[in-house]
Amino acid sequence: MSTRTPIAFLKGHGTENDFVIVPDPDNVIDLSPAAVAALCDRRAGIGGDGLLHVVRSAAHPEAKGMAAEAEWFMDYRNGDGSIAEMCGNGVRVFARYLQHAGHTTEGDLAIATRGGVKTVHIAKDGDVTVGMGKALLPEGDVTVSVGERSWPARNVNMGNPHAVAFVDDLAHAGDLYSPPPFSPASAYPDGVNVEFVVDRGPRHVALRVHERGSGETRSCGTGACAVAVATARRDGIDPALTGAPATYTVDVPGGTLVITERPDGEIEMTGPAVIVAEGELDVDWLETIAR
């Protein structure tokens with residue numbers, strides 16, 4: 001660490017996808033993968049599915065090029081300390097933090113991520129809507145497996161990779177502690193988030209997810225978007241062809257998200273975001289972990 005100043009942190013969640021938040025506007029805190037993993041540890045640390053490192057875009061080498069569009073950069077880390085391109089629930093919680101800290105108010109703002117600049121709207125009722133960009137649907141058959149069962153999966157990329165499998169029972173997903181095997185290996189050279197999906201009603205589905213680098217989580221925003229797009233295509237719905245937006249309700253273990261795909265391909269995700277606590281990290285402990 002470059003400073004002995006106490007390090008502030010907060011804890012927040014979006015549909016129970018929870019995050020450690022570390023405000024660091026000038027990008028002076030050295031958050032090594034080991035430090036991130038320790039902070040996200042639910043027994044020996046604060047606990048979280050991931051970490052939101054809050055940095056001004058101009059102060060981060062990966063975000064300087066986006067500084068003119070978005071003042072703040074979400075330097076997102078998975079719970080194991082690895083870097084991820086994007087986290088939809090994380091963006092909502094990141095926006096809530098910016099509002100909590102007085103950096104923004106209700107209304108529209110832009111947030112820089114490794115998946116590009118995301119547009120966000122903070123509503124008066126507390127829900128946060130994030131423009132998640134467009135889904136890419138790579139060609140090719142993909143299969144995912146759990147134990148003796150296997151299913152065809154839809155390959156959807158939301159700035160990060162997803163495999164969406166429709167199943168008869170969410171229990172068939174197993175414990176989701178370890179990554180479900182997939183084939184072919186070439187489909188996801190850097191690993192994949194796997195969603196298992198069941199129908200709940202018209203344009204209403206439920207999922208369980210294994211998040212790459214985190215295990216099973218209570219919610220996955222990009223996963224919910226991937227699931228909505230995969231379900232729409234399965235249902236024969238493509239807003240680009242119909243000219244009408246398609247909205248799906250997606251139940252996750254931690255709550256409910258509403259996903260809309262517009263005719264121009266842009267996807268919007270709406271859901272809650274909550275800050276639950278704030279405090280200070282023990283710098284000596286963090287320094288020991290980071291070595």
Side-chain angles (χ1 to χ4, degrees), residues 17 32-34 36-37 40 48-51 62 75-90 113-116 132-199 205-235 238 250 252-253 259 261 265 267 269:
N17 196 185
S32 68
V36 171
C40 291
D49 293 322
L51 183 142
E62 292 183 71
D75 175 19
Y76 181 70
R77 317 292 181 89
N78 291 315
D80 65 356
S82 60
I83 290 173
E85 304 92 337
M86 174 56 185
C87 175
N89 287 316
T113 76
R114 290 185 178 85
M132 299 288 287
K134 299 179 181 181
L136 299 177
L137 299 170
E139 296 294 331
D141 295 330
V142 177
T143 301
V144 299
S145 304
V146 175
E148 298 300 315
R149 294 188 174 95
S150 62
W151 303 267
R154 188 69 187 250
N155 189 347
V156 183
N157 194 292
M158 286 296 308
N160 58 359
H162 296 267
V164 180
F166 294 93
V167 300
D168 294 327
D169 188 329
L170 289 179
H172 291 168
D175 60 35
L176 291 182
Y177 292 148
S178 57
F182 62 86
S183 63
S186 59
Y188 305 108
D190 299 316
V192 64
N193 305 285
V194 183
E195 288 81 25
F196 297 88
V197 186
V198 296
D199 287 293
V205 295
L207 68 79
R208 288 179 63 201
V209 57
H210 174 92
E211 281 200 64
R212 178 183 57 170
S214 297
E216 181 170 17
T217 59
R218 300 285 293 169
S219 181
C220 176
T222 54
C225 293
V227 164
V229 171
T231 307
R233 300 302 183 274
R234 183 206 63 179
D235 294 345
D238 185 346
V250 181
V252 296
I259 313 297
E261 183 183 9
I267 297 169
M269 175 183 66

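All figures in this text were calculated on a predicted structure; none of them were measured in a lab.
Looking at heavy atoms from C-beta onward, C40 lies in side-chain contact with V36 at the 4.5 angstrom threshold. A 4.5 Å side-chain heavy-atom check between F196 and V164 finds every atom pair outside the cut-off. Side-chain contact check for V205 versus E195: every heavy-atom pair is 4.5 Å or farther apart. Side-chain contact between R212 and D190: present, with at least one pair of heavy atoms (C-beta onward) separated by less than 4.5 Å. Looking at heavy atoms from C-beta onward, N160 lies in side-chain contact with N193 at the 4.5 angstrom threshold. When side chains are defined from C-beta on, N17 counts as touching C87, because their heavy atoms get closer than 4.5 Å. Between D238 and R233, the closest side-chain pair of non-hydrogen atoms falls below 4.5 Å. Looking at heavy atoms from C-beta onward, L207 lies in side-chain contact with V252 at the 4.5 angstrom threshold.
Here the shortest heavy-atom pairing between A187 and N155 reads O-ND2, 4.3 Å. P184 and D141 get closest at one heavy-atom pair: CD-O, 3.4 Å. Listed here is the closest heavy atom pair of V144 and A153: CG1-CB, 4.1 Å. Contact detail for G191 and P161: the closest heavy-atom pair is O-CG, 3.4 Å. Taking every heavy atom of both residues into account, P138 and L136 meet most closely at CD-O, 3.2 Å.
The backbone N or O of V227 sits less than 3.5 Å from a side-chain atom of T231, completing a donor-acceptor pair. A donor-acceptor contact shorter than 3.5 Å links the side chain of H210 to the backbone of L176. No donor-acceptor pair under 3.5 Å is formed between the side chain of Y76 and the backbone N or O of R114. Counting only distance, with no hydrogens or angles, the side chain of R154 and the backbone of L137 share no donor-acceptor pair below 3.5 Å.
Separation of atoms CD1 (I267) and SG (C225) is listed at 5.5 Å; rounding is to 0.5 Å. The line from OG of S150 to CZ of F182 is 14.5 Å long, rounded to the nearest 0.5 Å. Here H162 contributes atom NE2 and C220 contributes atom SG; the two are 5.0 Å apart, rounded to the nearest 0.5 Å. Atom OG1 of T113 sits about 10.5 Å away from atom CD of E62, to the nearest 0.5 Å. In this structure, CE in M132 is found 4.0 Å from CE in M86, a value given to the nearest 0.5 Å.
Atom CG of D168 is surrounded by 12 or fewer heavy atoms from other residues, nucleotides or ligands within 6.0 Å.
No hydrogens or angles considered: nothing links the side chains of D49 and S214 as a donor-acceptor pair under 3.5 Å. Between the side chains of N89 and S219, a donor-acceptor pair is found at a separation under 3.5 Å.
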**Prompt:** Where do V209 and V194 land on the side chain to side chain contact (heavy atoms under 4.5 Å, CB included) test, with the steps shown first?
**Reply:** CA-CA 6 Å; V209 57; V194 183; over 6 Å; no
Show your reasoning for whether salt bridge (Lys or Arg N to Asp or Glu O under 4.0 Å) applies to R77 and D75. CA-CA 7 Å; R77 317 292 181 89; D75 175 19; 2.8 Å; yes
* **Test log, rule side chain to side chain contact (heavy atoms under 4.5 Å, CB included), inputs V167 and V198** => CA-CA 6 Å; V167 300; V198 296; 3.8 Å; yes
From CA spacing to verdict: side chain to side chain contact (heavy atoms under 4.5 Å, CB included), R218, R208
CA-CA 8 Å; R218 300 285 293 169; R208 288 179 63 201; over 6 Å; no
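Using the six-membered ring where Trp is involved, W151 and H172 have ring planes that are parallel, under 30° apart on the 30 and 60° scheme.
Test N78, T217, T222 against E211 for side-chain hydrogen bond (donor to acceptor under 3.5 Å, both in side chains) and you get one pass: T217.
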